[in-house]
*Asks:* 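Sharing a structure here in structure tokens format.
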Amino acid sequence: IEDALIVNPIIHVVTDDAGRDNIPRPAKSSGEPAQYFVERLVVRGGTVQYEDWRQRLTIRVPLELGEVNGNVLTGNHGVRLTTLPGGSARFEDRDVALGRMSAHVELQDDAVDVHSVVLAAANSELNLSGKVNKLQAPEFALRAGRVAALTPMLAARWFKRAGHLH
């Protein structure tokens, strides 16, 4: 993709009780990973909603701006995303209002450099940076920066998954 603009998309991803989702997959090939390169893609406005029926989780966020910029020298893709306040998250029987959120990451072959992720919810804010390696069996090396008033998020049991955070 050389240059694309998408305005006000409505993206709705669902994972059902059996773990199936509605994300399109490339056709089966010779076993080689699909090659793609996005030189520039901009998404303005719109909404993203994610549902995981197994976890009884629904997240809905209004998008402000999304950008993908490919680096022809490395083949990596820089991604920036910002949302507007007014999103929502529901986990089991608990609702949390989501504030403005943002992410700046670099997608590599088998890793993601997390330059900055800011998550705002329930009058709380969490800033993360670091790296995620081995995407098929992820290894997280993330640092939490400024953390303010996380008690409402923790009380909502958002962090149910087992694992290590370094």
*Asks:* How many angstroms lie between CZ in Arg40 and CG in Asn69, if you round to the nearest 0.5 Å?
*Replies:* 5.5 Å
*Asks:* If we only count heavy atoms from C-beta on, is the Glu106 to Gln108 side-chain gap below 4.5 Å?
*Replies:* yes
*Asks:* Evaluate whether atom CG of Asp110 has more than 12 neighbouring non-hydrogen atoms of other residues, nucleotides or ligands under 6.0 angstrom away.
*Replies:* yes
*Asks:* Measuring from Glu139:CD to Lys134:NZ, what's the distance to the nearest 0.5 Å?
*Replies:* 4.0 Å
*Asks:* Would you say Gln49 and Thr58 make side-chain contact, with heavy atoms under 4.5 Å?
*Replies:* yes
*Asks:* Do you reckon Leu63 sits in the same ILVMFWY cluster as Ile23, going by side-chain contacts under 4.5 Å, direct or chained?
*Replies:* yes
*Asks:* Could you measure the distance from the CG atom of Asn71 to the CG atom of Leu107? Nearest 0.5 Å is fine.
*Replies:* 12.0 Å
*Asks:* A side-chain contact here means heavy atoms from C-beta on lying under 4.5 Å apart; do Leu65 and Arg44 qualify?
*Replies:* yes
*Asks:* Could you tell me which non-hydrogen atom of Ala144 sits nearest to which non-hydrogen atom of Leu126, and how far apart they are?
*Replies:* CB-CD1, 4.1 Å
*Asks:* Hey, any chance Val42 and Leu81 share a hydrophobic cluster, counting ILVMFWY side chains that come within less than 4.5 Å of each other, even indirectly?
*Replies:* no
*Asks:* Begin from the C-alpha positions of Asn8 and Thr47 and carry the test side chain to side chain contact (heavy atoms under 4.5 Å, CB included) through to its verdict.
*Replies:* CA-CA 7 Å; Asn8 292 323; Thr47 303; over 6 Å; no
*Asks:* Can you name the closest pair of heavy atoms from Thr15 and Asp21 and give their distance?
*Replies:* OG1-CB, 3.8 Å
*Asks:* With side chains defined as the heavy atoms from C-beta onward, is the minimum distance between Phe140 and Asn133 less than 4.5 Å?
*Replies:* no
*Asks:* Do Phe91 and Val96 have side-chain heavy atoms sitting under 4.5 Å apart?
*Replies:* no
*Asks:* Are Ile11 and Val68 connected into the same hydrophobic cluster when the rule is that any two of I, L, V, M, F, W, Y join if their side-chain heavy atoms are below 4.5 Å apart?
*Replies:* yes
*Asks:* Are Val79 and Val114 grouped together when hydrophobic residues (ILVMFWY) are joined by side-chain heavy atoms under 4.5 angstrom apart?
*Replies:* yes
*Asks:* Under a 3.5 Å distance rule, please check whether Asp16 uses its side chain to pair with a backbone N or O of Arg20 as donor and acceptor.
*Replies:* yes
*Asks:* Heavy atoms only: give me the nearest Pro85-Pro62 pair and the separation to one decimal.
*Replies:* O-CG, 3.7 Å
*Asks:* Tell me the closest heavy-atom pair linking Ile59 and Ala89, and the distance in Å.
*Replies:* CG1-CB, 4.2 Å
*Asks:* Give the intermediate values and the outcome of side chain to side chain contact (heavy atoms under 4.5 Å, CB included) for residues Val13 and Glu51.
*Replies:* CA-CA 6 Å; Val13 177; Glu51 293 180 54; over 6 Å; no
*Asks:* Suppose we screen for ring-ring contact (aromatic ring centres under 6.0 Å, His included). Which residues come up paired with His115, at least two apart in sequence or across chains?
*Replies:* His104
*Asks:* Any link between Val38 and Val112 through a network of hydrophobic side chains (Ile, Leu, Val, Met, Phe, Trp, Tyr) touching at under 4.5 Å?
*Replies:* yes
*Asks:* Does Val48 reach the side chain of Arg60, with side-chain heavy atoms less than 4.5 Å apart?
*Replies:* no
*Asks:* For the CZ atom of Arg100 and the OG1 atom of Thr83, what is their distance to the nearest 0.5 Å?
*Replies:* 7.0 Å
*Asks:* Is Asp113 reaching over with its side chain to a backbone N or O of Val105, donor-acceptor style, under 3.5 angstrom?
*Replies:* no
*Asks:* Looking at Arg80, I'd like to know if its CZ atom is crowded, meaning that more than 12 non-hydrogen atoms belonging to other residues, nucleotides or ligands lie closer than 6.0 Å.
*Replies:* no
*Asks:* Any chance CD1 of Ile10 has more than 12 other-residue heavy atoms, nucleotides or ligands included, within less than 6.0 Å?
*Replies:* no
*Asks:* Where do Val118 and Ser116 come nearest, in terms of heavy atoms and distance?
*Replies:* CG2-OG, 4.0 Å
*Asks:* Quick test of your reading: applying ring-ring contact (aromatic ring centres under 6.0 Å, His included), list the pairs with at least one residue in residues 67-89, sequence neighbours left out, ordered by first then second residue.
*Replies:* Tyr36-His77, Phe37-His77
*Asks:* Identify the heavy atoms of Ala121 and Leu98 that sit nearest to each other, and give their distance.
*Replies:* CB-CD2, 3.6 Å
*Asks:* Taking only Lys NZ, Arg NE, NH1 and NH2, and the carboxylate oxygens of Asp or Glu, determine whether Asp17 and Arg54 approach each other closer than 4.0 Å.
*Replies:* no
*Asks:* Can you tell if the side chain of Glu67 reaches within under 4.5 Å of the side chain of Leu41, non-hydrogen atoms only?
*Replies:* no
*Asks:* Just wondering, do Val14 and Trp53 contact through their side chains at under 4.5 Å, heavy atoms?
*Replies:* yes
